[in-house]
Amino acid sequence: MHESMTRMYEYRLPFLRGELADLPERLTLTDLQSLDHYHYCSTTAIDIAIERLGITAESQVLDIGAGVGGTARYLAQQVGCQVTGLELQPQFQQMAVELTQRTGLSQRVTFVQGDILTGIAGTFDAWLSLLVFLHIPDRKTLFSQCAVVLKPGGRFYIEDYVQLQPLTPVEQRVLAKQIACPYLPTLESYQQDLARAGLGVLAYENVTPLWQNWVNKRWHQFQKNQAQYRQKHGDDLVDSYLCFYQAVADLFSGGNVGGVRIWGQLLP
Ligand SMILES: C[S@@+](CC[C@H](N)C(=O)[O-])C[C@H]1O[C@@H](n2cnc3c(N)ncnc32)[C@H](O)[C@@H]1O
């Protein structure tokens, strides 16, 4: 795994462990709030994905880059479907399994540790991937693996960063070093790469203003609560979060980096 990705995620689990210390052994999804979502707009984003994917209780769903599993658990609880979460980082995958056991959802949600670039066994009615592909510059391998895991007519839903206008050198550096995003496609090249792999885009939504607002609020909210966090988690961890949240807020306010939701279907 690339060094910038390790750095970007290394303080998440200590923070989560610290927060979990105040919670009961048996957890509800409400207890976890947004502690287990590393995408934007929390469960609202997942509700939109459920609707766009048209998944039902009978669906087999793959969550690509599952993090600590918040999306997979929410899908299983809301819809009653079977969800497999694929996650690159072993320590995140293990935490995803632990939280799923503690929420009593292990019958419907499983997690596999692995890299989407080397594929995953099985086929699915749908997959979704929230804020993951920005870490993966090899689009050809990525989308060909994403296509082979879909059953005929299977659907997909993506939330990701896109390039709206040429990036400044500073933005390029921040994206590569702090966000572990070494390559940022335009919406047009994003769609072309999907189509080349047989993934037909049905529609997309530019969510840049929504995300600008959300990431800004997240940064300010964290700043407001920092005294309490510093006491509980220590200065290093809080400073790492503040630095990251500010970098993301600055990127979005610059107007060159945007956010998109893209959904579609495997082409016949
Ligand atoms: C911003 S987090 C989003 C996690 C989750 N989708 C969520 O919304 O909470 C991105 C995740 O993608 C995972 N990831 C990055 N590259 C991956 C790859 N090649 N295969 C599988 N997972 C990957 C990272 O380890 C990280 O957990």
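We use all heavy atoms of the structure for the numbers below, so side chains are in, but hydrogens, waters and symmetry mates are not. These figures come from a predicted structure and were not determined experimentally. We count ligands from 1, going down the list as the structure has it; atoms in each ligand are counted the same way.
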Which bit of [X] gets closer than 4.0 Å to ligand 1, counting heavy atoms only: side chain, backbone, both or neither?
X	value
D63	neither
H39	both
F92	side chain
A66	backbone

Would you kindly say whether [X] and [Y] are connected by a side-chain donor-acceptor distance under 3.5 Å?
X	Y	value
D125	Q60	no
T100	S106	no
Y74	D36	no
D138	T141	yes

(request) Take W127 and D63 through the test side-chain contact (heavy atoms from CB on, under 4.5 Å) and record every step on the way to the result. (result) CA-CA 6 Å; W127 59 253; D63 180 19; over 6 Å; no
Just jot down the ligand 1 atoms closer than 4.0 angstrom to any heavy atom of [X], in number order.
X	value
G114	20 (N), 21 (C)
D115	18 (C), 19 (N), 20 (N)
H37	9 (O)
L131	1 (C), 2 (S), 3 (C), 10 (C)

How far is [atom] from its nearest protein heavy atom, and which residue and atom is that?
atom	result
atom 23 (C) of ligand 1	L88 CB, 3.5 Å
atom 4 (C) of ligand 1	G65 O, 3.3 Å
atom 2 (S) of ligand 1	Y9 OH, 3.1 Å
atom 3 (C) of ligand 1	L130 O, 3.5 Å
atom 20 (N) of ligand 1	I116 N, 3.1 Å
atom 9 (O) of ligand 1	Y38 N, 2.7 Å
atom 12 (O) of ligand 1	V132 CG1, 3.5 Å

(message) Among F143, Y190, Y157, exactly one meets ring-ring contact (aromatic ring centres under 6.0 Å, His included) together with F133. Which residue is that?
(response)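 Going through the options one by one, the only one that passes is F143.
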(request) Going by the side chain to side chain contact (heavy atoms under 4.5 Å, CB included) test, name the single residue among D115, I116, I120 that passes it with T118. (result)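 Answer after filtering D115, I116, I120: D115.
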(message) I'd like the name of whichever of Q113, M5, Q93, R12 reaches closest to atom 15 (C) of ligand 1 through any heavy atom.
(response)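 Nearest heavy atom to atom 15 (C) of ligand 1 lies in M5.
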(message) Going by the closest heavy atom to atom 26 (C) of ligand 1, which one wins out of H135, Q91, E87?
(response)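 Comparing heavy atoms across H135, Q91, E87, the nearest one to atom 26 (C) of ligand 1 lies in E87.
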(request) Decide, yes or no, whether a salt bridge links E3 with K177 under the criterion of side-chain N to carboxylate O below 4.0 Å. (result)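 Salt bridge between E3 and K177, a charged N being under 4.0 Å from a carboxylate O: no.
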(message) Check D31 with R26, please: is the shortest side-chain N to carboxylate O separation under 4.0 Å?
(response)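 Judged by the 4.0 Å cut-off on N to carboxylate O distance, R26 and D31 do not form a salt bridge.
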(request) Mark yes or no: R12 above the aromatic ring of F92, with NZ or CZ under 6.0 Å from the six-membered ring centre and no more than 45 degrees from the axis. (result)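 Cation-pi check for R12 and F92: fails.
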(request) Establish, yes or no, whether the cationic atom of R139 lies under 6.0 Å from the six-membered ring centre of Y183 and within 45° of the ring axis. (result)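 The answer is no; the distance or angle limit is not met.
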(message) What I want to know is whether I64 and ligand 1 share at least one N or O pair that is separated by under 3.5 angstrom.
(response)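 No, there is no polar N/O contact under 3.5 Å.
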